[in-house]
Peer 1: 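Right, I'll just put the structure down here and ask away after.
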Amino acid sequence: MKGMQNLSISCALVCLIILGCSALVGAFGILKHQISAVLVTGVMYLLAATFALFTLTIIHFKREQVKTRSECLSGGGAGVGPPGSTGAAALLGDGVVAGAGPVLEPGYARVWADLHRARLLSHGWSLDLGWAGLALCVLTSVLWILLSKIMRYNPINAT
């Protein structure tokens, strides 16, 4: 799971670098009236949206790998715990194996349930903000490409 996190961070950094470069190229294209620079800016925003999609997809699948509370308490992890244990507290939410020995007795299941609640992950506002940013990148890309088409056809010079 560590490799997925590193890959997600790398994609996010590439996305931010592309967004920074596209802002510079877009400003140059507007100030110097360069149609090709405006078109390239639109394509760069689309590329940034692609890397944002990779980042959010990796985060989504990483969160899907986390076991639910019922799977943890029912002993869903195969081969977890010492032989002959009840499996009442098998695997915590982030893949941490619970301790062995007398701690796995059925009386301690409530303790592990309380500890597991602290390990559950939920989607917060930042993930929603990421999806909104992805949609904004796609919309911005369409607008930059549309601007390049408008700059190509100048009705003042058409007469």
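This structure is a prediction, so every number in the text was calculated from the model and none was measured. Basis for what follows: all heavy atoms, side chains included, without hydrogens, waters or symmetry-related copies.
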Peer 1: If you look at every heavy atom in Cys137 and Ala49, which pair is closest and at what distance?
Peer 2: CB-CB, 3.7 Å
Peer 1: Please check this pair: side chain of Ser22 against backbone of Leu19, looking for a donor-acceptor N/O pair closer than 3.5 Å.
Peer 2: yes
Peer 1: For Leu139, which residues count as a side-chain contact (heavy atoms from CB on, under 4.5 Å) partner, sequence neighbours excluded?
Peer 2: Leu143
Peer 1: Which heavy atom in Gln34 sits nearest to a heavy atom in Met151, and how many Å separate them?
Peer 2: N-CE, 4.2 Å
Peer 1: Roughly how far, to the nearest 0.5 Å, is the NE2 atom of His60 from the OG atom of Ser8?
Peer 2: 13.0 Å
Peer 1: Under 4.5 Å between side-chain heavy atoms, hopping through other hydrophobics if needed: is there a path connecting Val142 to Leu136?
Peer 2: no
Peer 1: Rounded to the nearest 0.5 Å, what separates atom CG in Leu146 from atom OG in Ser148?
Peer 2: 7.5 Å
Peer 1: For residues 52-59, tabulate all N or O donor-acceptor pairs below 3.5 Å that involve a side-chain atom, not counting sequence neighbours.
Peer 2:
{"residue": "Thr55", "atom": "OG1", "partner": "Ala12", "partner atom": "N", "Å": "3.2"}
{"residue": "Thr55", "atom": "OG1", "partner": "Phe51", "partner atom": "O", "Å": "2.9"}
{"residue": "Thr57", "atom": "OG1", "partner": "Leu53", "partner atom": "O", "Å": "2.7"}

Peer 1: Out of curiosity, Ile145 CD1 to Thr140 OG1, how far, rounded to the nearest 0.5 Å?
Peer 2: 11.0 Å
Peer 1: Could you see if Leu24 belongs to whatever hydrophobic cluster contains Ile30? Use Ile, Leu, Val, Met, Phe, Trp, Tyr and a side-chain cutoff under 4.5 Å.
Peer 2: no
Peer 1: Can you list, pair by pair, the side-chain donor-acceptor contacts under 3.5 Å of residues 38-47, counting residues two or more places apart and other chains?
Peer 2:
{"residue": "Thr41", "atom": "OG1", "partner": "Gly26", "partner atom": "N", "Å": "3.1"}
{"residue": "Thr41", "atom": "OG1", "partner": "Ala37", "partner atom": "O", "Å": "2.8"}

